[in-house]
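As the structure lists them, so they are numbered: ligands from 1, and atoms in each ligand from 1. Since the structure is predicted, the reported quantities are computational estimates derived from the model, not experimental observations. Computed over heavy atoms, backbone and side chain alike; hydrogens, waters and symmetry mates excluded.
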Amino acid sequence: MTGRIYLSPPDVGPLEESYVLRAIRSGWVAPLGPEVEAFEREVAERVGATHALALNSGTSALHLALLVLGAGPGSVVVAPTMTFAATANAAVYTGAEPVFVDCDPATGNMDVSALAEMLDMLTRAGEKVAAVLVADMFGACADYDELLPVCEAAGVPVVEDAAQALGATYRGRPAATFGRLNALSFNGNKIITTSGGGMLLSDDEALLARCRHLATQAREPVPHYEHVDVGYNYRLSNLLAALGRAQLHRLDGMMRRRRLLRERYAKLFSGVPGVRLLGDGDEGSNCWLTSIVVDPERTGWSAAELGAHLAARDIETRHVWKPMHRQPVFAGCRAVVTGASDRLFAQGLTLPSGSALDDDRLARVVGAVEQFLDAR
Ligand SMILES: Cc1ncc(COP(=O)(O)O)c(C=O)c1O
């Protein structure tokens, strides 16, 4: 069997086709419409939030969240260093200064002690901290029981970047309910996709209404075009919301498939000393991406070597995210660093994790890994 195997491609089929076709035939092709309202309602219900705002990306969700919390020139936003750049970029868009905090080596999520150290340093210096952005990485929630009291004590609101974590839970509570505002992404590689899209969830009606206003070009409710604020064109289209509704129906099945892949990889590497699964044992994870961490001193081979072996067989893998404090664009930003994210970047490898990965393709990945291991 041939053909490229991707890391986390969209998983769409006849249900999505029927939903999008129905939306087109309804005549609601222009932005907004009943599919958007239904999608907001259904995601809010699924997550257990009171209010939802569908947007054109997770990045715009984060940007708006920070804006309405007062982030701007002269303020600081605390962000994880182990994340995708969009998390930190959102802070920069507002004019605030991003500062970074290292991660827990076991999970890749924010290190609570490093966060406490950063907040302590900032508050002692009398700096205005607009928000702490917490990302739920690889589909697993951060350690909120430890994290939230630290932010509360510092009097700083939390924005949960749950872009990767729809469907995940932490001690029974769903992802995207831990912050004042909570962002989801429906980008093409996420657990459900609208091809591109995002959402903000919150129990704070006034804050979310303010986000809705800014996301809709800040049009004042008068018959002509009237603008008091600078707005954004950030809403999700009706057609894409229809796609999202179909995907949401399939979320549980897609999570089951991703978990099955993770369990298969766990078995594959269980007898290999020096290899561990990132975030292993988290029953609440949605298993969005499965990454292994390879200690080359124990294995005698590196994550990069396995990645190259799989690439030669047309199987996509990826480095774990390069930490933000190592990115040229954020050079000079302040950071509390323990070395954990640097090690994950050096030693991590993300394996094909998509729910569309069928048994034949999974067997191809497993066979290729076994071939690699046998040759060592
Ligand atoms: C942690 C994290 N935050 C934010 C984003 C941005 O979401 P989007 O691509 O929908 O703008 C992503 C993914 O793309 C992400 O992984």
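Exactly one residue among Arg250, Arg257, Glu16 makes a side chain to side chain contact (heavy atoms under 4.5 Å, CB included) with Asp11. That residue is Arg250.
Contacts of ligand 1 (protein heavy-atom distance under 4.0 Å) are Ser57, Gly58, Thr59, Leu62, Thr83, Phe84, Ala86, Thr87, Asp161, Ala163, Gln164, Ser185, Asn187, Lys190, Gly197.
A cation-pi contact links Arg22 to Tyr19, judged by a cut-off of 6.0 Å to the six-membered ring centre and 45° from its axis. Remark: Arg173 fails to qualify as a cation-pi partner of Tyr144 under the 6.0 Å distance and 45° angle criteria applied to the six-membered ring.
Take Tyr265 and apply the side chain to side chain donor-acceptor pair (under 3.5 Å) test, not counting sequence neighbours, and it matches no residue.
Other residues, nucleotides and ligands place more than 12 heavy atoms under 6.0 Å from the CZ atom of Arg376.
Of all the heavy atoms in Val112 and Glu146, the pair that sits closest is CG1-O, 3.7 Å.
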